[in-house]
Amino acid sequence: MDSSKKIVILISGNGSNAQAIIEACNENRIHGDVVAVISNKANAYGLTRAESFSIPAITIEHNKFDSRESFDESLMQIIEGYAPDLIVLAGFMRILTPMFVHQYRGKMLNIHPSLLPKYPGLNTHQRAIDAGDEKHGSSVHFVTEELDGGPVILKSVVPVLSNDTSETLAKRVAKQEWLIYPLVISWFCENKLNFCKNNVILNKKQISRCGLIYEEL
Ligand code: GAR
């Protein structure tokens, strides 16, 4: 097999997805290593999680910069110091500049807590409840210039129960995120997953823009 891939994870908060990915690397479910966890918030609990695995945990606070461009440039400099093969956005709550997205096109993944293209942006769980949806979930996609709009690779679907609150639904979605994100990353690290002309290629075959459904794999 090819050499182990270097993964940089960007977070803003809790970091439960980052932990799931680190554990999957440690258990060889991902043929890769998380070489750094970077947060734009100093109090992100995910930094503590990274340190507990002896992974460099770096803070770069966006509010210390006078523009989105200057923040992204400095973030890129830090990232480039690790020469990563893959950038993983795991609850990184920042809109990225076109320059940043272009730099990592085809090697940057995001997870979003909705069945994309439904509910890009914030408050996805409450929006699914308010809309009376019977199903909700999470989507892993390649990052493009469009916010939460890049082609989807894998989705996980959960039921919305009649007594759900945004919190109970978020917990159900999160448990699935901890499965699907490491799985997609493992495909990337095994060179099974590519991004070509805005399409997702898995095992040399183009998949639908809506992505695969985890339960059907
Ligand atoms: C996850 O649910 C992820 O889908 C969401 O933030 C949460 C981070 O949780 N991401 C977004 O909303 C991005 N648009 P975590 O910090 O515990 O991994």
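Both counts, for ligands and for their atoms, begin at 1 and track the order of listing. Along the sequence shown, residues carry numbers from 1. The analysis underlying the following values was restricted to heavy atoms, covering all of them including side chains, and did not include hydrogens, waters or symmetry mates.
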Could you verify whether a donor N or O on one side chain and an acceptor N or O on the other, from [X] and [Y], lie under 3.5 Å apart?
X    : Y    : value
K5   : N191 : yes
E177 : S138 : yes
D133 : Y119 : yes
H141 : H112 : no
E73  : Q77  : no

**Request:** May I ask you to check whether N110 has an N/O atom sitting below 3.5 Å from an N/O atom of ligand 1?
**Result:** no

**Prompt:** Under 3.5 Å between some N or O of ligand 1 and some N or O of S138?
**Reply:**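 It does not: no N or O of S138 is found under 3.5 Å from an N or O of ligand 1.
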
What do you reckon, does [X] put a non-hydrogen atom under 4.0 Å from ligand 1?
X   : answer
Q19 : no
I11 : no
G15 : yes

For [atom], find the nearest protein heavy atom and state the residue, atom name and distance (0.1 Å precision).
atom                    : value
atom 11 (C) of ligand 1 : P113 CD, 3.5 Å
atom 10 (N) of ligand 1 : I111 O, 3.5 Å
atom 17 (O) of ligand 1 : S16 OG, 2.6 Å
atom 9 (O) of ligand 1  : N17 ND2, 3.9 Å
atom 14 (N) of ligand 1 : H112 ND1, 3.0 Å

**Message:** With rounding to the nearest 0.5 angstrom, report the CZ to CD1 distance, R127 to I129.
**Reply:** 12.5 Å

**Asked** Atom NE2 in H102, atom CD in E145: separation rounded to 0.5 Å?
**Response** 8.5 Å

**Request:** Check whether any side-chain heavy atom of I201 sits under 4.5 Å from a side-chain heavy atom of L193, and report yes or no.
**Result:** no

Which of the atoms in ligand 1, numbered in the order shown and given with their element, are less than 4.0 Å from a heavy-atom of [X]?
X    : result
D148 : 14 (N)
G91  : 6 (O), 8 (C), 10 (N)
E177 : 1 (C), 2 (O), 3 (C), 4 (O)
N14  : 16 (O), 17 (O)

**Request:** Give the intermediate values and the outcome of salt bridge (charged side-chain N to carboxylate O under 4.0 Å, His left out) for residues D164 and R172.
**Result:** CA-CA 10 Å; D164 261 333; R172 196 171 309 122; 2.7 Å; yes

